[in-house]
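Indexing begins at 1, ligand by ligand and atom by atom, following the structure's order.
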Amino acid sequence: MRILVVGGGGREHALCWALKRDTPDATLFATPGNPGTAQLGTNLKIEAMEVVKVVEAVQEHHIDLTIVGPEAPLATGLVDRLRAAGRPVFGPTQAAARIESSKVFAKEVMRRASVPTAASGTFDALDPALRCIRRHAEPLVVKASGLAGGKGAVVCTTRDEAARTARAMLAEDAFGKAGHEIVVEQFLEGEELSVLALTDGERIVVLPAAQDHKRLGEGDAGPNTGGMGAYCPVSIATPALLERVRREVLEPTLRELAARGARYTGVLYAGLMLADDGTPYVLEFNCRFGDPETQALLPALPGLTRHLVEIATGSWRPERTALDATRAAVATVLAAAGYPDKPELGAAIIVPRDVEPGTLVFHAGTYRDPEGTLRVHGGRVLAVTGLGDTVAEAARRSAAACELIVFQGKTYRRDIGWREIRRSGAGAARG
Ligand code: AMP
Ligand code: GLY
């Protein structure tokens with residue numbers, strides 16, 4: 001089988017790694033890939049957003065299955081083009097991907113399907129948005145409706161801050177077109193959870209829940225980032241809770257999308273806020289695998305590839321409604337100095353050959369210079385996944401490997417998985 005993975009980040013390296021693990025005979029390609037995917041297959045010099053060129057490459061290289069990593073090419077209709085060309089592809093169509101690419105659309109779908117989510121209003125003009133904000137309780141959340149690279153949701157402590165944010169989005173073009181429509185939303189308290197599910201639009205297989213760490217600093221302090229680390233499984237995500245998420249979130253959302261002529265296939269990612277009363281409120285949907293959740297999930301989930309192939313080819317008949325993690329996994333992101341605002345690029349990276357037993361190093365923002373030296377090429381540079389019998393053990397392995405990797409400005413959190421470790425009591429000895 002010849003498989004193409006579209007994208008070039010840590011998620012895509014993890015996808016290639018899992019494909020190779022599950023189907024060692026497969027021939028892998030990536031567009032554009034990175035130095036990590038280059039160790040597993042062939043990188044083609046095509047950006048993920050060059051959708052016409054991606055379709056040409058699929059035909060030229062006789063690709064049997066395409067897996068699309070990032071949201072942007074999904075929102076641009078890459079899947080529609082590949083389907084029109086008769087090529088099996090894993091991922092939603094442009095219409096179905098609106099569940100991520102338009103927060104206004106997602107809110108409307110959730111309202112119609114009675115999916116638990118924060119009360120909200122949507123606005124495309126400043127004055128009505130400001131009137132809503134003036135009456136709103138504090139804190140509150142202002143979100144650009146369109147794709148904003150994970151930076152489009154602003155949690156505002158005060159109405160003044162919310163008004164400034166709304167003005168920046170609607171009147172000052174701070175987020176380009178993505179901010180020309182906004183959602184003003186009630187602030188929800190609770191614990192966040194990422195629940196990803198495979199689906200062909202009808203059947204659903206829920207993956208083990210993961211938890212992302214969005215803040216830059218330890219103890220969840222500092223600015224929001226694309227994600228500084230993730231772990232799975234999460235013990236508060238009991239089978240009963242995941243069943244509730246299926247019934248109250250995933251099934252009604254898929255039904256409503258299908259009713260609108262936008263049947264969803266691929267992986268649906270629900271970013272949830274678990275309220276104190278146990279209700280799973282949807283903060284956002286993503287139309288793809290999470291990054292860095294994927295770097296933790298896939299190593300803990302052998303045999304995933306079969307599902308992706310069968311969903312793409314329409315032959316999926318899963319025997320189970322959920323997949324269980326066989327190990328605990330903790331993925332720690334090594335970021336560049338200055339991330340997220342102004343990452344410093346260019347530093348040479350040294351990854352020891354045998355970093356640490358029970359760990360995997362996934363490339364994200366790296367490149368090889370003409371002399372073959374590995375260098376920093378993006379804000380999130382590597383994701384280092386530790387595996388273990390418990391989250392605490394996986395976290396220790398990940399942290400030990402992170403120590404051994406060298407580059408100037410290396411920035412990372414040493415507390416990925418801290419909530420779970422605290423729950424298990426395993427962190428108590430370390431205070
Ligand atoms: P989003 O892109 O919508 O997932 O938002 C990014 C982050 O902002 C989330 O992971 C939450 O930490 C936070 N957030 C978004 N919406 C809310 C909300 N309604 N209440 C509290 N926090 C939120
Ligand atoms: N980890 C958050 C995301 O993939 O959007």
Side-chain angles (χ1 to χ4, degrees), residues 7 9-12 14-15 68-72 74-75 97 99-107 110 115-122 136-157 162 165 169 175 178-179 182-196 207 209-216 220-232 267-276 279-298 331-333 335 340 362 364 379-380 383 416 419:
R11 165 185 47 212
E12 287 76 25
L15 278 163
V68 187
E71 62 277 15
L74 292 166
I99 200 72
E100 175 170 359
S101 65
S102 167
K103 287 191 194 287
V104 169
F105 174 75
K107 279 288 186 186
M110 287 190 269
V115 170
T117 186
S120 65
T122 66
H136 207 291
E138 296 173 339
L140 65 171
V141 188
V142 178
K143 297 181 176 182
S145 178
L147 295 181
K151 297 191 179 73
V154 184
V155 176
C156 303
T157 318
T165 305
M169 288 178 179
F175 288 80
I182 66 167
V183 174
V184 177
E185 167 171 299
Q186 168 201 14
F187 177 83
L188 298 174
E189 300 206 49
E191 188 160 343
E192 283 186 58
L193 207 58
S194 306
V195 176
L196 284 73
L207 304 186
Q211 227 166 15
D212 191 3
H213 298 56
K214 291 220 166 82
R215 303 297 198 99
L216 181 66
D220 293 326
N224 258 320
T225 70
M228 294 299 289
Y231 74 92
C232 75
V267 59
L268 181 60
Y269 167 145
L272 302 173
M273 185 70 88
L274 195 59
D276 285 345
T279 306
Y281 288 91
V282 175
L283 297 180
E284 63 160 354
F285 281 115
N286 293 321
C287 62
R288 49 168 175 83
F289 282 105
D291 191 334
E293 286 92 333
T294 305
Q295 293 90 308
L297 276 170
L298 297 193
T332 305
V333 168
F362 295 118
R380 292 191 292 177
I416 304 302
R419 284 197 172 79

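- For atom 17 (C) of ligand 1, the nearest protein heavy atom (residue, atom name, distance) is L283 CD2, 3.5 Å.
- Put simply, the side chain of D291 reaches to within 4.5 Å of the side chain of R380, judged on heavy atoms.
- Using a 4.5 Å heavy-atom threshold, the side chains of E138 and T157 count as separate.
- Not a single heavy atom of E189 lies less than 4.0 angstrom from ligand 1.
- Which of L272, L188, V154 comes nearest to atom 21 (C) of ligand 1 through a heavy atom is settled by distance: it is L188.
- Nearest non-hydrogen protein atom to atom 13 (C) of ligand 1 is V155 CG2, 3.9 Å.
- Closest heavy-atom approach to atom 6 (C) of ligand 1 among the candidates A153, G150, S194: A153.
- Contact annotation: the side chain of R11 approaches that of Q295 to within less than 4.5 Å [non-hydrogen atoms, C-beta and beyond].
- Looking only at heavy atoms of the protein, atom 2 (O) of ligand 1 is closest to E284 OE1, 3.3 Å.
- Ligand 2 lies within reach of R288, whose nearest heavy atom is under 4.0 Å from it.
- Of all the heavy atoms of F289, none lies under 4.0 Å from any atom of ligand 2, so neither backbone nor side chain is involved.
- For atom 19 (N) of ligand 1, the closest heavy atom belonging to the protein is E185 OE2, 2.8 Å.
- For ligand 2, the atoms closer than 4.0 angstrom to any heavy atom of D212 are 1 (N), 2 (C).
- For ligand 2, the polar-atom distance check finds an N/O of N286 within less than 3.5 Å of one of the ligand's N/O atoms.
- The nearest heavy-atom contact from the protein to atom 11 (C) of ligand 1 is E192 OE2, 3.1 Å.
- Considering only heavy atoms from C-beta on, R215 comes within 4.5 Å of N224 through its side chain.
- Contact between G290 and ligand 2 is present, with at least one heavy atom of the residue lying under 4.0 Å from the ligand.
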